[in-house]
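The block underneath contains the structure these notes are about, expressed in structure tokens.
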There are 2 protein chains.
Amino acid sequence: MHAYEKIRAEMLRRIASQDWPAGLTLPHEEQLAEEFGVARGTVRRAMADLVEQGLIERKRRAGTKVASRSAHSSTLTIPIVRKEITASGAQYGYKLLTSEIGGAELDPTGHFARAQLLKIASLHLADGQPYQLEERLISLEAVPHAADHDFSAISPNEWLIEQVPYSAVRTVLRAEAADEVQALHLKIARHSPVFVIDRQTRLDTMPVTLVKMSHRAASFSITTTTNSAG
Amino acid sequence: MHAYEKIRAEMLRRIASQDWPAGLTLPHEEQLAEEFGVARGTVRRAMADLVEQGLIERKRRAGTKVASRSAHSSTLTIPIVRKEITASGAQYGYKLLTSEIGGAELDPTGHFARAQLLKIASLHLADGQPYQLEERLISLEAVPHAADHDFSAISPNEWLIEQVPYSAVRTVLRAEAADEVQALHLKIARHSPVFVIDRQTRLDTMPVTLVKMSHRAASFSITTTTNSAG
DNA sequence: AAGTGGTCTAGACCACCGC
DNA sequence: CGGTGGTCTAGACCACTTG
């Protein structure tokens with residue numbers, strides 16, 4: 001175990017035991033470095049992890065304070081749908097539903113500013129059963145060669161993730177009552193619960209793609225785990 | 001803009017432009033340090049961010065490779081429900097529904113091993129309207145003084161988060177059709193979609209609490225953002 | 001204005017692991 | 001075994017921000 005890990009563990013212990021209660025201002029880096037018998041950089045390395053976990057807050061001049069916990073923060077990982085399905089042991093299937101090219105009228109959200117758009121609907125299947133309905137808009141400004149690509153064999157999900165780097169993603173999760181399109185393709189009754197992931201991807205300031213992924217409710221869950229520092 | 005930020009941006013550019021395609025082994029730290037005219041530590045600082053974003057993968061002896069992107073990874077933050085409501089400008093309200101003490105029979109999941117349990121149901125309101133139904137089990141082994149606490153004024157959500165440090169959290173998100181309890185308290189029709197967050201919290205290996213938070217579908221969303229390096 | 005955290009350096013040594 | 005990334009040091013200087 002490295003020095004910074006020991007220091008991090010000890011600081012974690014003090015916070016957990018309320019030895020360092022929420023709101024307390026900690027000793028300076030130099031004081032802690034002296035206490036633990038290490039260089040200042042090693043203390044900084046330990047504290048960096050605690051900052052990332054949201055356990056402490058640091059500000060120049062004001063010092064380092066134990067954060068009052070006001071939220072759980074976790075890492076949420078959404079894998080490529082094909083890998084998600086095969087990882088569960090099921091057979092992966094894919095079907096292109098519709099594909100059309102048009103202008104801003106395809107984009108009800110106004111996320112894209114008057115760009116040429118490619119609109120694709122497709123279905124991902126697990127063991128032949130509908131698993132995820134993918135409704136996607138792709139900016140042909142950001143990804144010009146998408147117009148020439150044949151999405152009947154490879155899903156846009158997979159193709160885009162390999163082709164286009166993104167710099168910022170906005171993800172919204174919600175529960176919805178199935179509309180007609182969702183009910184039809186997911187083979188569920190109208191108004192059944194569906195789990196929806198909306199994602200907007202940008203490259204710098206340019207919108208790249210906007211996707212709505214609908215899952216049959218019972219079949220979908222996301223698991224997150226905080227990275228424990230202990 | 002600091003040196004490490006410039007370097008990170010330049011490396012990001014090379015990856016984005018496929019100048020450094022996925023799978024490529026990058027030059028060593030020392031070579032990059034020389035190229036950019038900085039110390040090795042500064043290059044490391046830049047690369048740390050890229051590792052965290054999942055854009056590169058590093059292994060001793062094997063070197064640094066551009067990662068082939070296979071998943072989106074985001075930070076998911078679930079705030080205290082009261083803060084979530086007041087942040088939206090609505091008036092926060094809270095109501096204790098039921099509270100009882102019992103044994104393992106209260107725990108259908110088997111998460112708690114034969115501990116004394118406190119079972120609490122409560123409701124969080126936004127502008128007087130039901131917002132979240134909170135159904136919670138608390139281990140009295142982990143939090144003995146919870147039995148003596150009056151939860152009619154302060155929600156267990158808020159009280160626990162201040163009282164008990166946790167070390168690991170498991171979160172599952174899903175869409176459900178409302179059952180009778182959910183329909184009654186959230187004032188929605190049975191089988192309407194509800195957005196459910198299940199959370200299990202442990203302190204080291206000891207289970208602390210298990211909570212099911214149900215939201216009216218239309219009213220709930222979680223937003224995640226990747227920390228952009230650009 | 002001063003004290004805090006943040007960046008950066010130049011160097012040493014360590015530890016993992018693929019060749 | 002050797003080369004890579006990982007840790008650590010002792011120091012300098014910078015920049016933010018609050019008292």
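The chains referred to below are lettered A, B, ... by the order of the sequence lines, with proteins before strands, and numbering in each begins at 1.
- Remark: B:F151 pairs with B:H149, B:W159 by the ring pair (Phe, Tyr, Trp, His ring centres under 6.0 Å) rule, at least two apart or across chains.
- We find that B:K59 and B:E57 are not joined by a salt bridge, their nearest charged nitrogen and carboxylate oxygen being 4.0 Å or further apart.
- A:L140 is linked by a side chain to side chain contact (heavy atoms under 4.5 Å, CB included) to A:I101, A:Q116, A:L118, A:A146, A:A147, counting only residues two or more places apart in sequence or in another chain.
- Taking the side chain to side chain donor-acceptor pair (under 3.5 Å) definition, one finds that A:R45 meets it with A:Y4, A:D49, sequence neighbours left out.
- At a non-hydrogen distance threshold of 4.0 Å, A:V38, A:A39, A:R40, A:T42 from residues 34-42 of chain A come into contact with DNA chain D.
- The outermost nucleotides of DNA chain C lying under 4.0 Å from heavy atoms of chain B, listed 5' to 3', are C:dT7 to C:dC19.
- Applying the salt bridge (Lys or Arg N to Asp or Glu O under 4.0 Å) test to B:D107 and every residue at least two apart in sequence or in another chain returns nothing.
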Per-nucleotide protein contact string for nucleotides 14-19 of chain D (B base, S sugar-phosphate only, - none; heavy atom under 4.0 Å): -BBBBS
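- In this structure, the side chain to side chain donor-acceptor pair (under 3.5 Å) partners of A:S214, at least two apart in sequence or on a different chain, are A:Q182.
- With sequence neighbours excluded, the residues forming a salt bridge (Lys or Arg N to Asp or Glu O under 4.0 Å) with A:E29 are A:R40, A:R44, A:R58, listed by chain and number.
- With sequence neighbours excluded, the residues satisfying salt bridge (Lys or Arg N to Asp or Glu O under 4.0 Å) with B:R14 are B:E10, B:E35.
- Among pairs with a residue in residues 122-145 of chain A, those fulfilling salt bridge (Lys or Arg N to Asp or Glu O under 4.0 Å) read A:E134-A:R136, at least two apart in sequence or across chains.
- For the side chain to side chain donor-acceptor pair (under 3.5 Å) test, residues two or more places apart in sequence or in another chain that qualify with B:S152 are B:D150.
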